[in-house]
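Everything on this sheet refers to the single structure shown next.
In what follows, chains carry the letters A, B, and so on, assigned in the order in which the sequence lines appear, proteins first and then strands, with residues in each chain numbered from 1.
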There are 2 protein chains.
Amino acid sequence: MLDEIIAKITSEYGTLSNEIIEEWKSDILMLELEKGTQLVREGSYTNKLFYIYKGSAKAYHLKDGKAIADWFSFEHEFICAITGYFLGRPSEHYIELTEDSILLEFNRKHINILSNTYHDFERFTRNAITKIMLQLQKRVVYLQFSTAKERYDFLLQEYPKIELHISLGDIASYIGITQETLSRIRAQK
Amino acid sequence: MLDEIIAKITSEYGTLSNEIIEEWKSDILMLELEKGTQLVREGSYTNKLFYIYKGSAKAYHLKDGKAIADWFSFEHEFICAITGYFLGRPSEHYIELTEDSILLEFNRKHINILSNTYHDFERFTRNAITKIMLQLQKRVVYLQFSTAKERYDFLLQEYPKIELHISLGDIASYIGITQETLSRIRAQK
DNA sequence: AGTCGAATTTGATCTATATCAAAAGATTTC
DNA sequence: GAAATCTTTTGATATAGATCAAATTCGACT
């Protein structure tokens, strides 16, 4: 199964030779965990990157005691504690599974070694980061100046089935509105 | 002067051999342009990336006829029409100089060729994109759930001297508030 | 199936910030 | 250096969405 997942990943982010793939595989963990499992805790030093094969996860942080969702990850997407992973600082986020999931776990150190050793792997990494960057760019645009309804419509366009996987409260915080407001928007559809 | 600028860039994003630098230089344009010059127009196919050596620039788009600032770039920072440059689609942004400026212009094609040819250049590119990604991440966090004042304070922390370079209206739109609100926030300091 | 706790909905009220409008200050231009 | 234009400030009002509170629905567990 791992080979199959890796094939899917490389088809999206860039081909890798068998040699590289074998070396990469030597440090990949494959996990099957249940809904609610915390992959990363705020304040922890984390150097892990995850890839969701089945299921879904969320990254969130607390503001005034309330959870605010920062990032969702569904099947075939990556997720990490962004500031922790890229800056080597204590994580500002929690990461938690929102459904029973099968996922891969990678290590920053090993990823960096591979990137430094193999040009192809470096390109692969760049492509993955570029995708994250473009997703963030889109979010900034709609968070900057749009109504609650516009934000929600935009999110549904990006993730038409998000409601099957993520609770109303988490969705609301992700688009920067309260859950009451989101509930009312839904009601008048 | 070009060598000096390149030295500054590579010190930040990753060392490059003289060979690579020479090849890179063969396709760099150095421009001296005045405030208000449009570097990129919305709807145009653009494959240009800019680096501000002196001065500043903004990327913006129009919503309901009003300009909304998306990205500012000051001395020693890059700027491009993000969707145009990375996705090869017509630009969703205008880019305009906000002061008289000296800047470098790069070409996506040449950047890509260099990235494909030289592992070091690929790493260099990845570092630059990672920085952009992290900046966007920060913006998302404060756009998601914070008051007008919190946004403004955060921006000042990031760019303490922004008011010397960017107009109140542009700053307001960048943090997602109206200029009247920003003016009132300033008044009560 | 019935109980308990969590998630969602609905209602009433409040408030931060938008909107509209006009005045005051700056900056550019000829 | 006066006119014209652009930017910022100030004032009055409107409103989207927050907040607080309670009722309802949904799901998990025994």
Exercise for review: Calculate the interatomic distance between A:I177 atom CD1 and D:dA18 atom C1'; express it in whole Å.
Suggested key: 11 Å
Protein-nucleotides 7-10 of chain D N/O pairs closer than 3.5 Å?
{"unit_1": "D:dT8", "atom_1": "OP1", "unit_2": "B:L168", "atom_2": "N", "d": "2.9"}
{"unit_1": "D:dT8", "atom_1": "OP2", "unit_2": "B:L168", "atom_2": "N", "d": "3.1"}
{"unit_1": "D:dT8", "atom_1": "OP2", "unit_2": "B:G169", "atom_2": "N", "d": "3.3"}
{"unit_1": "D:dT9", "atom_1": "OP2", "unit_2": "B:S183", "atom_2": "OG", "d": "2.9"}
{"unit_1": "D:dT9", "atom_1": "O5'", "unit_2": "B:S183", "atom_2": "OG", "d": "3.1"}

Point to revise | A:Y13 and A:F124 aromatic ring geometry - parallel, tilted or perpendicular at 30°/60° bounds | key: perpendicular
Practice item. Output, in order, the C-alpha distance, side-chain angles, deciding distance and verdict of salt bridge (charged side-chain N to carboxylate O under 4.0 Å, His left out) for B:D100 and B:K54. Key: CA-CA 8 Å; B:D100 294 350; B:K54 283 249 176 277; over 6 Å; no
Check your understanding: Where does the chain A footprint on DNA chain C start and end, counting 5' to 3' with a 4.0 Å heavy-atom cut-off?
Key -> C:dT8 to C:dA12
Exercise for review: For A:K66, enumerate each residue passing the side chain to side chain contact (heavy atoms under 4.5 Å, CB included) test, keeping only those at least two apart in sequence or located in another chain.
Suggested key: none
Point to revise | Test item: side-chain donor near acceptor, B:E42 and B:H61, under 3.5 Å | key: no
Review point. Do B:T46 and B:S91 get their side chains close enough for a donor-acceptor pair, meaning under 3.5 Å?
Key: no
Exercise for review: Tell me whether the guanidinium CZ or amine NZ of B:R139 lies under 6.0 angstrom from the six-membered ring centre of B:Y174 and within 45° of its axis.
Suggested key: yes
Practice item. Identify whether any heavy atom of B:G176 sits under 4.0 Å from a base atom; if not, whether one sits that close to sugar-phosphate; answer base, sugar-phosphate or nothing. Key: sugar-phosphate
Review point. Any idea how B:F121 and B:W24 line up, ring-wise: parallel (<30°), tilted (30 to 60°), or perpendicular (>60°)?
Key: perpendicular
Taking N or O atoms only and anything under 3.5 Å, show me the protein contacts with nucleotides 22-29 of chain D, one pair per line.
none

**Study point:** B:Q144 CD to D:dG17 C1', straight-line distance once rounded to whole Å
**Key:** 16 Å
Review point. How is the hydrophobic cluster of A:Y94 composed, in terms of its other members, when Ile, Leu, Val, Met, Phe, Trp and Tyr link through side-chain heavy atoms under 4.5 Å apart, directly or indirectly?
Key: A:Y60, A:L62
Review point. Which residues, ordered by chain and number, are linked to A:V141 in its hydrophobic cluster, where ILVMFWY side chains connect at heavy-atom gaps below 4.5 Å, directly or through other members?
Key: none
